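This report concerns only the one structure given below.
Per chain, numbering begins at 1; letters A, B, ... match sequence-line order. Source: prediction; values computed, not measured.
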2 protein chains.
Amino acid sequence: MGLVDEILSGKRLSLARLLTQIENETTAGREALSELYPYTGHAYVIGITGAPGTGKSSLVNSLAYAFRHPDDGKPAPRVGIIAVDPSSPFSGGAILGDRVRMKDLAGDTGVFIRSMATRGSLGGLAATTAGMVEVLDAAGFEIILVETVGAGQSEIDIARLAHTTLVVEAPGLGDDIQAIKAGILEIADILVINKADLPGIEITERALKASLDLAHPTLHLFRIDKTSAAILLEGMQISAPTPTDLWIPPIVKTIATQKTGVAELKQSILEHRRYIEQNGLKHFQEVFRTAYETGVLLEEALLSNWRQDIPGIELQETLHKVYAREISPWEAVQRFMHARTARS
Amino acid sequence: MGLVDEILSGKRLSLARLLTQIENETTAGREALSELYPYTGHAYVIGITGAPGTGKSSLVNSLAYAFRHPDDGKPAPRVGIIAVDPSSPFSGGAILGDRVRMKDLAGDTGVFIRSMATRGSLGGLAATTAGMVEVLDAAGFEIILVETVGAGQSEIDIARLAHTTLVVEAPGLGDDIQAIKAGILEIADILVINKADLPGIEITERALKASLDLAHPTLHLFRIDKTSAAILLEGMQISAPTPTDLWIPPIVKTIATQKTGVAELKQSILEHRRYIEQNGLKHFQEVFRTAYETGVLLEEALLSNWRQDIPGIELQETLHKVYAREISPWEAVQRFMHARTARS
């Protein structure tokens, strides 16, 4: 039995092996994922992001537990967790490693947890995370939680990948972090104030409400400029729908370590799911994701091929001129591009 | 008098105008920068990075003040500050705006402060920041402080741009932030514990010392893989020198708001400057930076040209197949690349 069949029949070891291949961006991994691709499209992807210190990991764990123990008597969905760790771009490894997760989830074969390092290029991470989600999706995980730490670009990528994005806050994290929040708020479908038993909760809640009044919770994620995905979307001649109803991100208070508020949070997620399904947004999310992932992979392929496009001698000569400050880097690039056009 | 001459003769308004053009990545801006490029290479660039909440902005201000008020009777260098703000990739604007800086610096014409949004692509930010540093360099600013907030890729770019990189810590920022620190430590030439009057300073200092014992403070920054810069460096046939002395990042304690420890910090920076100059590292930093900036600009140029390379009809058909899950995004990219080769 090949790797793909093993994954489709539920072998966890094979699943872990393929995820490693995807993370290492191997061709074998990409080929296996291509075989699995027709089996994808059934998972609901939830992104969880926020500043450091907000207790995201605990929240992810308690949310996974809540999905695994439904109170309506229905069968529990299988839950996959991808934790994108803050880590060195040099050492490559995930600092938190195979983190010790809440005991509640230990031994539950309906849960699969994977930590992953934020290595390499920006596009690399986006494509790798998308690939991992697709593998878990094909392997039959119906709920996939993607957790990312940090302030910057990675949470935007996660939000573009997710059907519902949670932004986690916590009381008393200081002014600098407040500034970061402002940027991150735009991607929130649901705002979570975790550690709701800490002092300062009222201030945080008030600040978030004030920010929400200013925000326009529409289709921010789908506004992309100057990327290949934007051009690909244009090529597909599909544009974002205009939802009849407006979704105002609810603010949900939780104490994840005590599971307080987690049932309410799960409820909010299910409501958002209904919202995007009823307003044609889910369909557009899928189209967008297709274009985005393809665009990122295309950029990588084009860049890894560029050396073939530029004559070797010219390269060395031109660079030395830049170093001698005879020409600027930008002028050097103009020369490369000109040589490339002249050659083809 | 043209923009370039105005900048060389010290007109602040023209300087501000060109910086805006660089930030907006206009062709006119890139052309003006190319004209200025021969005048660059005199500035010493100091990068300041660290987690949110460490008081980086205050530290940058007090450091600028210290450089502007030397205690050895020598003329003060002109100081440029570039503050890379956390901001939304969607709204585009710097949230902190033209931030209110310390009163000490107000009215000092030997100081130029510029805030900039972290917008667009990763490469975009690196190229834009490098361009801004070059403009300030050509305009005669001898010390350039580049401040960046956040955990991710941006501080790596800053470190690659800077001659000396400061990583700022502060006591009591919690566990999540500790994890981020671990990654960021590798880029530190000097470690600063700011807010040194806060409780927990001993713990922070002990943790940093322990991390330093594990770290190998060599040439981490120059280890780049799979990027155009790496290929360009190879093309220049220049490799990193092996320094005779080892630089162990010192730990400097400061209370920036009271200017405590800032003189010592300035001293450490000057020592590091001597170290890199005496060990051939400064020369290599310049070569590396040349290759890195050219590589980033080249990648952008190649990507902005890609649509010419791929036939339009095929694009649309293939993408719809991906959306229908008939083929995977990776397979789509293989087809595009094949069509491109067949065409040329």
Margin query: Run the ring pair (Phe, Tyr, Trp, His ring centres under 6.0 Å) test on B:F288 and B:H283 for me, step by step, so that the C-alpha distance in whole Å, both residues' side-chain angles and the decisive distance to 0.1 Å come before the verdict.
Written below: CA-CA 9 Å; B:F288 181 88; B:H283 170 76; over 10 Å; no

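- Within the 4.5 angstrom heavy-atom criterion, atoms from both the backbone and the side chain of B:T40 approach chain A.
- In this structure, the portion of A:A332 lying under 4.5 Å from any heavy atom of chain B is its side chain and not its backbone.
- A:T27 pairs with exactly one of A:E31, A:R30, A:E25 by the side chain to side chain contact (heavy atoms under 4.5 Å, CB included) rule, that one being A:E31.
- For B:E317, no part lies near chain A; criterion is any non-hydrogen pair under 4.5 Å.
- Heavy atoms of B:I327 lying under 4.5 Å from chain A belong exclusively to its backbone.
- Not one N or O on the side chain of B:N194 forms a donor-acceptor pair closer than 3.5 Å with the backbone of B:V168.
- Evaluation of the salt bridge (charged side-chain N to carboxylate O under 4.0 Å, His left out) test over residues 324-336 of chain B, restricted to residues two or more places apart or in two chains, returns A:E286-B:R325.
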